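This one's a predicted model, so the numbers in the text were calculated from it and none came from an experiment. Chain letters run A, B, ... following the sequence lines, proteins first, then strands; residues in each count from 1.
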Amino acid sequence: MIQLYNSLTRKKEEFVPIGDEVKMYVCGVTVYDDSHLGHALSSIVFDVLHRYLEYRGFKVRRVQNFTDVDDKIITRANKEGVPAEEITEKYIESFYESMDGLNVRRATVHPRATEDMPEIIGLIQRLIDGGWAYPTNGSVYFRVRRDDGYGKLSGQNIDEMLEATRHDMEVGKEDPADFALWKAVKPDEPQWGSPWGQGRPGWHIECSAMAFKHLGEQIDIHGGGLDLIFPHHENEIAQSESASGSVPFSRFWMHNGMLRNAVGQEMSKSLGNAFNVNSALEEFSSDAIRLWILQSHYRTNPLLDKELIAAAERSMRRIRQAVEVESPAFDEVGESVDFRPFEKRFTEAMDDDLNTPQAIAAIFDLVREVFRGRDSGIDVSGAVESIRDLSGVLGLSLEAPPDKSGLSDAEIEALIRQRHEARDEKRWSDADLVRDQLAAAGVSIADTAGETTWSRK
RNA sequence: GGCGACGUAGCCAAGUGGUUUAAGGCGGAGGUCUGCAAAACCUCUAUUCAGCGGUUCAAAUCCGCUCGUCGCCUCCA
């Protein structure tokens with residue numbers, strides 16, 4: 001039984017999909033800049049959820065949107081003096097590059113707000129027809145107070161929220177709490193035609209419309225960062241449930257934590273201390289980044305520190321070493337490492353609200369069993385295969401990290417031959433010199449069973 | 001002010017009433033192996049879970065208070 005924590009009910013609940021295919025919507029990024037590690041965290045978490053649900057036999061349809069019409073995009077486009085599409089195209093490419101590099105599988109559909117404009121406008125019209133929204137001065141607003149359930153996700157009360165909020169109300173709004181579904185056109189902004197005049201959609205309505213179009217009016221899981229609970233997800237619920245009458249819009253609401261820096265503060269774009277994914281990937285393997293993230297539970301706020309990613313890189317070496325262990329050709333004992341208890345632990349941990357730290361602990365324990373099995377000469381092939389499978393569920397590729405030695409394989413092997421000659425003649429210091437040279441280039445060597453093996457760090 | 005999260009070893013981090021006299025990783029110490037190493041294996045590395053008080057046969061886990069940290073309430077994964 002898979003249990004997932006549901007932000008809506010604030011407890012763990014058994015996960016049972018509505019239909020025979022799990023419908024999952026994950027809030028994507030606004031494409032006005034490169035992705036940072038906070039985006040990586042969210043994408044990795046829901047990628048792992050997707051992979052794990054498939055591992056448990058579910059079919060999954062995952063939708064992750066691009067918000068490609070937004071104030072920040074417009075600001076950036078104006079600043080650089082280029083059309084907004086140039087900005088969005090560039091950063092959509094950058095997003096894919098980052099996520100591919102992190103071994104995050106692409107969603108089933110990656111819709112863009114600008115490509116689903118008819119659905120967005122149609123949904124706004126439905127809300128107006130139902131009396132949930134009203135046009136004014138070319139904009140359309142949602143009547144928050146008409147929705148009795150408003151605030152159920154964030155636990156906020158409308159009046160208490162307003163107390164802490166700025167009260168500079170836009171002209172034409174009936175109530176300061178109302179939010180925009182459609183924004184009347186302003187000069188030099190991207191615009192679309194609508195029954196209410198030229199303009200562009202508000203942020204919240206995009207997600208409802210894209211979820212409806214690509215998944216349907218009721219979905220199984222809606223994911224995103226903790227910071228999206230209010231107002232974004234609260235507003236999505238209000239719009240979606242008002243328009244469709246299907247309650248709940250999403251059975252499960254899942255929220256990943258926010259990356260935290262050494263001072264303990266949340267890392268966000270506005271703080272300007274983001275750590276770019278593409279540059280992180282130049283320094284670390286995707287496996288190290290994923291392991292670092294997944295060694296914390298998804299609902300906590302992982303600490304962002306290069307030292308921790310470097311530690312994860314060392315941890316990955318251990319797993320990689322284990323899957324390279326070969327079983328004896330003739331297994332005289334006939335024994336083999338029993339990996340099933342470890343797979344059971346892995347599954348139980350993952351079933352419990354995606355407890356990846358526990359699941360990873362099970363993998364490491366299995367890694368130890370493989371080394372022990374090797375040392376006692378028993379068959380470890382099944383266990384090695386199991387490590388590969390379980391790692392795969394977490395999206396760990398177990399591939400060697402990118403080469404930084406600057407040496408070709410042939411050059412490395414030539415140096416190793418030199419060292420062999422030196423060793424044969426017992427010129428130990430010469431031999432060590434070669435080893436130091438290789439080590440400096442990030443190549444580690446090992447003399448085992450009369451042979452020298454090497455690997456790039 | 002409202003809503004919420006958190007404080008576990010040198011560091012990261014699970015565990016949320018007894019099966020854990022607290023997983024796993026990194027780091028550190030000793031041993032085996034090795035020409036020496038590396039890797040691996042073995043052993044050790046929190047009598048204790050921010051502090052204080054309470055409930056209980058039993059608490060890191062529940063309750064209260066105190067101290068400290070952070071998030072949301074405004075664009076944000």
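- Counting atom types as modelled, A:Asp375 pairs no side-chain N or O with a base atom of B:rC42 as donor and acceptor under 3.5 Å.
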Apply ring-ring contact (aromatic ring centres under 6.0 Å, His included) to A:Phe275 and A:His36, showing your working.
-> CA-CA 5 Å; A:Phe275 190 10; A:His36 62 226; over 10 Å; no
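- Donor-acceptor pairing under 3.5 Å, judged by distance alone, is present between the side chain of A:Arg435 and the base of B:rC36.
- The same atom, C1', is picked in B:rA77 and in B:rU34; the two are 49 Å apart, to the nearest Å.
- Distance noted for atom P between B:rA60 and B:rU8: 16 Å (whole Å).
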Find every protein N or O atom lying less than 3.5 Å from an N or O atom of nucleotides 26-29 of chain B, and list the pairs.
residue	atom	partner	partner atom	Å
B:rC26	O3'	A:Arg314	NE	2.9
B:rC26	O2'	A:Arg314	NH2	2.9
B:rG27	OP1	A:Arg314	NE	3.1

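- For B:rG35, the base has a donor-acceptor partner in the side chain of A:Asp432 [N/O atoms by modelled type, under 3.5 angstrom].
- The side chain of A:Arg368 places an N or O atom within less than 4.0 Å of a non-bridging phosphate oxygen (OP1 or OP2) of B:rG25.
- When each of B:rG35, B:rA23, B:rA38 is scored by its nearest atom to the side-chain atoms of A:Ala446, the top-ranked nucleotide is B:rA38.
- A distance of about 15 Å separates the C1' atoms of B:rG28 and B:rC12, rounded to the whole Å.
- Rounded to whole Å, the C1' atom of B:rA46 lies 13 Å from the corresponding atom of B:rU20.
- Side chains of A:Thr9 and A:Lys152 form no contact here, defined as non-hydrogen atoms less than 4.5 Å apart.
- For the C1' atoms, the distance from B:rA23 to B:rA9 is 13 Å, rounded to whole Å.
- Ranking B:rA77, B:rG15, B:rG24 by closeness to the A:Thr30 side chain, first place goes to B:rA77.
- Across B:rC67 and B:rG15, the matching C1' atoms stand 25 Å from one another, rounded to whole Å.
- B:rG68 sits 38 Å from B:rG30 when the C1' atoms are compared, rounded to a whole Å.
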Below 3.5 Å between N/O atoms, which protein atoms pair up with nucleotides 4-12 of chain B? Just atom names and distances, please.
residue	atom	partner	partner atom	Å
B:rG4	OP1	A:Arg10	NH1	3.4

